[in-house]
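Bear in mind that the values here come from a model prediction, so they are computed numbers and not experimental data.
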Amino acid sequence: ANEMRQSRVSHQVELRRRIKDDRLKRLRTISNEHQSMGVDQNTLLTAITSLASTDSSQWHAAATHIRTVLCMDKPPIELVIQKGALTRMIELIALDECEARTKLEILWATTNLLTVSESFYFDINSSPLLPALIKMLKHPNEDLREQAAWALGNVAGESPNYRDVCLAAGAMDPVLRQLDPSFSRPSNLRNSLWALSNMLRGSPRPPLHLTKPCLPTVSTLLWYTADEEVIAEAAWCASFISSGGGECIQAVVDASMVRRLVELTGQHNETVQIPALRAMGNILSGDDVQTQIVLHSNAITFLSSSLSSGNVQVRKLAMWCLCNIAAGNEDQVGEICAQAPLLQKVCNMSENDLADVKREGIHCLTNIALGGSFDSVEALVASGGLSPLVAALRLKDNVIVKVALEGIGALLE
């Protein structure tokens with residue numbers, strides 16, 4: 001069973017990478033009402049000079065103007081960086097004599113600057129940026145805490161290296177403090193959770209000892225929050241951690257969130273359903289004991305429903321989950337094959353659905369043929385399992401053709 005699951009690793013990585021790349025676009029800017037205005041370069045240079053002044057009375061107006069310019073459709077990011085404005089803004093964030101309203105403008109501007117790779121010209125290890133943001137995350141002013149979380153999320157989302165530096169600097173702990181619905185308003189909760197998810201994503205995965213402390217909070221949000229945006233982000237957190245393999249999967253299992261993740265795959269909101277399926281599929285890629293915990297949570301019923309989704313990504317992920325179950329022991333394979341309507345649906349989709357779903361389906365059918373009991377294989381044949389395997393031989397995909405041949409060979413034996 002473990003060998004079958006291992007044969008799926010490269011494909012699972014491809015799935016994760018595709019989703020990860022889509023979500024990394026969520027390095028976010030904050031817009032405002034002045035986007036259509038043109039940039040007066042002289043006025044901008046004057047603002048940058050004022051921001052560098054030792055006269056604190058000039059800072060607020062200067063920071064506001066720079067922030068406004070950086071919110072435009074085509075902000076002059078290179079000019080702002082070249083003139084040292086980012087370095088100065090980082091300095092001012094940490095200054096106690098800088099007013100909270102000015103710090104908010106600076107954090108807003110800094111957040112937008114940190115959405116582009118060109119901003120990361122400095123050595124993150126020696127820069128005062130992270131200590132300044134972590135300090136703001138502990139500020140009594142919630143506006144500053146929320147904006148600092150947003151900026152931190154952009155830093156962590158820049159690259160795995162920056163993510164790891166954020167974790168090593170202790171950024172997770174103050175972010176977790178924001179993830180209390182009784183302490184933070186909804187927008188702060190969403191932004192802080194998004195920042196947390198950026199500290200968990202990326203390849204190679206961060207060490208488990210750095211990410212495991214967030215799991216109790218993630219589990220609580222999954223179970224007790226009604227906000228679907230928060231639930232979706234928490235499910236992504238569970239997905240990112242569980243994709244790290246055996247110990248990481250067990251950490252997610254131990255956090256008592258498996259049953260909730262399975263339930264969430266039945267949501268009609270695809271932004272919730274997709275990360276829940278990703279997390280479930282990752283757990284199902286673990287050992288037989290971990291797989292059985294998912295099955296005990298009524299996973300087969302929810303996956304059968306997900307196969308009927310109008311969203312191809314949902315169907316693909318649901319089929320991937322079933323494929324991982326089919327890579328388990330005989331009893332686990334039997335749980336799929338005991339459901340005749342489900343098995344017939346898998347066979348039909350493996351031949352007639354879109355290409356991405358077909359590929360997952362062919363893997364699933366072959367896993368059943370290779371690892372199922374005589375009764376399971378007999379049920380597969382009775383449900384029409386040979387036809388999609390034969391049809392797959394006509395696909396222009398050498399990997400799938402090889403998988404289909406293995407399945408056909410197993411059935412003939």
Q | Any donor-acceptor N or O pair under 3.5 Å, side chains R315, S306 | A | no

Q. Sequence neighbours excluded, which residues qualify as side-chain hydrogen bond (donor to acceptor under 3.5 Å, both in side chains) partners of E78?
A. Q82

**Q.** Partners meeting salt bridge (charged side-chain N to carboxylate O under 4.0 Å, His left out) with D180 (sequence neighbours left out)
**A.** none

Q. Between R259 and E263, is there a side-chain N and carboxylate O pair less than 4.0 Å apart?
A. yes

Q: List in chain and number order the residues that pass side-chain hydrogen bond (donor to acceptor under 3.5 Å, both in side chains) with T54, two or more places apart in sequence or in another chain; answer none if no residue qualifies.
A: none

Q: Identify, with sequence neighbours excluded, every residue that meets salt bridge (charged side-chain N to carboxylate O under 4.0 Å, His left out) alongside E91.
A: R88

Q: Taking side chain to side chain contact (heavy atoms under 4.5 Å, CB included) as the test, write out the residues that go with T43, two or more places apart.
A: D40, H65

**Q.** Working for side chain to side chain donor-acceptor pair (under 3.5 Å), residues S192 and Q178
**A.** CA-CA 6 Å; S192 297; Q178 308 305 308; 4.9 Å; no

Q. Taking only residues two or more places apart in sequence, or in another chain, which ones meet N352 in a side chain to side chain contact (heavy atoms under 4.5 Å, CB included)?
A. N348

Q) What residues form a side chain to side chain contact (heavy atoms under 4.5 Å, CB included) with C248, not counting sequence neighbours? A) L208, I241

Q.
Under the side-chain hydrogen bond (donor to acceptor under 3.5 Å, both in side chains) definition, can you give me all pairs with a residue in residues 246-256, not counting sequence neighbours?
A. Q250-D254, Q250-Q290

Q: Report the residues that fulfil salt bridge (charged side-chain N to carboxylate O under 4.0 Å, His left out) with K212, sequence neighbours left out, ordered by chain and then residue number.
A: none

(Q) List the residues meeting side chain to side chain contact (heavy atoms under 4.5 Å, CB included) with K138, not counting sequence neighbours, and say none if there are none. (A) I134, P174, R177

Q | Which residues share a side-chain hydrogen bond (donor to acceptor under 3.5 Å, both in side chains) with E146, sequence neighbours left out | A | R185, S187, N191

Q.
Less than 4.5 Å apart, side chain to side chain, heavy atoms only: is that true for L70 and I66?
A. yes

Q | Distance-only side-chain donor-acceptor flag, E233 / S197, under 3.5 Å | A | yes

Q: State whether K316 and E360 are salt-bridged, where the test is any N-O pair (Lys NZ or Arg NE/NH1/NH2 against Asp/Glu carboxylate O) under 4.0 Å.
A: no

Q: Taking salt bridge (charged side-chain N to carboxylate O under 4.0 Å, His left out) as the test, write out the residues that go with D55, two or more places apart.
A: none

Q. If we only count heavy atoms from C-beta on, is the E99 to W59 side-chain gap below 4.5 Å?
A. no

